[in-house]
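A short write-up of the structure that comes next.
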Amino acid sequence: QGSKLEIPLWLAKGLHDSKRRIIFVELPKIYKEAWRTVFSADASVVDLHKMGPYYYGFGSQLLNFDNPENPEIAQTILQTFISRFRGIMDSSQNAYNEDTSALVARLDELERALFRAGQKGLNDFQCWEKGQASQITASSLVQSYGKRKFTDMDG
């Protein structure tokens, strides 16, 4: 009792029981009040990858533990994403054929995936615009979506 251990998140989730209080999860510093203040001031200057490459995913998993700061943590994660999203997408659309390694190095893994998706969309559009796209195809999301017949919609 009273010992501090660093354990993986999956183990902490397995041991966590809100009734028996087997463990207490201490927040990593990036989710504490001091860092929440930094994020609320200007989230775009923070190197999320250096602080933890899975800032959004790990932070959302922390919300599973009973912590009185959960509402503030959730709000900070959401506002951080909102405030950084536009800059990431703008950069992905305006950095065509440029070295973006310095920008991408500061991004969380989710943000990196968004950046790559934005660049792929721009690249695909430019290929289509130049007539290099042989055929326009439906998005994989549209293809996997079950098509409904008009008769199904009457019911």
Side-chain angles (χ1 to χ4, degrees), residues 1-128 133 136-146:
Q1 184 173 348
S3 300
K4 283 189 176 186
L5 298 171
E6 284 192 26
I7 59 175
L9 179 64
W10 62 266
L11 181 57
K13 286 174 73 174
L15 292 173
H16 178 70
D17 183 352
S18 59
K19 292 180 179 86
R20 294 187 13 213
R21 302 277 181 200
I22 297 171
I23 64 166
F24 173 77
V25 176
E26 185 177 321
L27 290 176
K29 68 180 180 178
I30 190 115
Y31 301 101
K32 291 185 179 180
E33 186 177 358
W35 274 100
R36 291 196 306 263
T37 304
V38 171
F39 283 116
S40 65
D42 188 2
S44 63
V45 300
V46 180
D47 183 345
L48 279 186
H49 198 268
K50 181 179 174 186
M51 299 307 289
Y54 297 96
Y55 171 76
Y56 300 108
F58 188 77
S60 63
Q61 291 296 316
L62 284 176
L63 299 176
N64 291 317
F65 301 103
D66 301 324
N67 188 315
E69 297 180 59
N70 277 355
E72 292 86 6
I73 294 169
Q75 186 64 28
T76 301
I77 291 170
L78 177 62
Q79 289 305 316
T80 299
F81 182 78
I82 290 169
S83 67
R84 292 171 62 106
F85 178 77
R86 184 180 189 127
I88 292 166
M89 294 313 291
D90 283 349
S91 297
S92 75
Q93 298 297 293
N94 294 316
Y96 191 67
N97 289 332
E98 293 179 24
D99 181 19
T100 58
S101 57
L103 168 72
V104 173
R106 300 173 51 85
L107 302 179
D108 165 89
E109 291 299 321
L110 173 64
E111 294 171 335
R112 287 180 178 190
L114 288 170
F115 185 85
R116 285 190 301 270
Q119 284 207 309
K120 183 182 180 325
L122 175 64
N123 190 43
D124 290 350
F125 173 73
Q126 297 218 340
C127 286
W128 173 80
I136 295 177
T137 58
S139 163
S140 62
L141 292 174
V142 173
Q143 290 175 345
S144 65
Y145 183 74

Sequence neighbours excluded, which residues qualify as side chain to side chain contact (heavy atoms under 4.5 Å, CB included) partners of [X]?
| X | answer |
| --- | --- |
| Pro68 | none |
| Ile82 | Leu78, Gln79 |
| Leu103 | Ser91, Phe115 |
| Phe24 | none |

Summary of salt bridge (charged side-chain N to carboxylate O under 4.0 Å, His left out) pairs that have at least one residue in residues 53-65, sequence neighbours excluded: none

According to salt bridge (charged side-chain N to carboxylate O under 4.0 Å, His left out), does anything in residues 40-53 pair up with another residue at least two apart or in another chain? List the pairs. none

For Glu33, is the CD atom crowded, meaning more than 12 foreign heavy atoms sit under 6.0 Å from it? no

If you count heavy atoms of other groups shown closer than 6.0 angstrom to NZ of Lys120, is the number above 12? no

Does any part of the side chain of Leu27, heavy atoms only, come nearer than 4.5 Å to the side chain of Val25, both counted from C-beta?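 A side-chain contact is absent here, since even the closest heavy-atom pair is not under 4.5 Å.
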
State, yes or no, whether a side-chain contact exists between Phe85 and Asp90 at a heavy-atom distance under 4.5 Å.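 When only atoms from C-beta onward are counted, Asp90 and Phe85 do not touch, as no gap falls below 4.5 Å.
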
Knowing that exactly one of Leu114, Thr76, Asp108 qualifies, which makes a side chain to side chain contact (heavy atoms under 4.5 Å, CB included) with Phe81?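 With Phe81 as partner, side chain to side chain contact (heavy atoms under 4.5 Å, CB included) holds for just one option, Leu114.
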
Residues in ring-ring contact (aromatic ring centres under 6.0 Å, His included) contact with Phe125, at least two apart in sequence or another chain: Trp128

Run the ring-ring contact (aromatic ring centres under 6.0 Å, His included) test against Phe65 and tell me which residues pass, sequence neighbours left out.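 Checked Phe65 against ring-ring contact (aromatic ring centres under 6.0 Å, His included); matches are His16.
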
Full working for side-chain contact (heavy atoms from CB on, under 4.5 Å) between Leu63 and Tyr31: CA-CA 11 Å; Leu63 299 176; Tyr31 301 101; over 6 Å; no

[atom2] on [Y] to [atom1] on [X], rounded to 0.5 Å:
| X | Y | atom1 | atom2 | result |
| --- | --- | --- | --- | --- |
| Ser44 | Phe39 | OG | CZ | 11.0 Å |
| Gln119 | Asp124 | CD | CG | 11.5 Å |
| Arg84 | Leu110 | CZ | CG | 10.5 Å |
| Leu122 | Asn94 | CG | CG | 8.0 Å |
| Leu107 | Ile88 | CG | CD1 | 5.0 Å |

May I have the step-by-step check of side-chain contact (heavy atoms from CB on, under 4.5 Å) for Glu6 and Glu26, ending in yes or no? CA-CA 10 Å; Glu6 284 192 26; Glu26 185 177 321; over 6 Å; no

List the atom of Ser83, the atom of Ala43, and the distance in Å for their closest heavy-atom pair. OG-CB, 3.4 Å

For Ser101, give me all partners under side-chain hydrogen bond (donor to acceptor under 3.5 Å, both in side chains), at least two apart in sequence or on another chain.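 Testing Ser101 for side-chain hydrogen bond (donor to acceptor under 3.5 Å, both in side chains), a comparison that skips the adjacent residues, returns Asp99.
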
Could you list the residues that satisfy salt bridge (charged side-chain N to carboxylate O under 4.0 Å, His left out) with Arg112, not counting sequence neighbours?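 Arg112 satisfies salt bridge (charged side-chain N to carboxylate O under 4.0 Å, His left out) with Glu109 only.
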
Step by step, work out the side-chain contact (heavy atoms from CB on, under 4.5 Å) result for Arg106 and Val46. CA-CA 8 Å; Arg106 300 173 51 85; Val46 180; 5.6 Å; no

Selection residues 66-75 - residue pairs positive for side chain to side chain donor-acceptor pair (under 3.5 Å), sequence neighbours left out: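 Applying side chain to side chain donor-acceptor pair (under 3.5 Å) to every pair that reaches into residues 66-75, excluding sequence neighbours, yields Arg36-Glu69.
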
Could you list the donor-acceptor pairs under 3.5 angstrom formed between side-chain atoms of residues 51-60 and any protein atom two or more places apart in sequence or on another chain?
unit_1	atom_1	unit_2	atom_2	d
Tyr56	OH	Glu111	OE2	2.6
Ser60	OG	Tyr56	O	3.2
Ser60	OG	Gly57	O	2.9

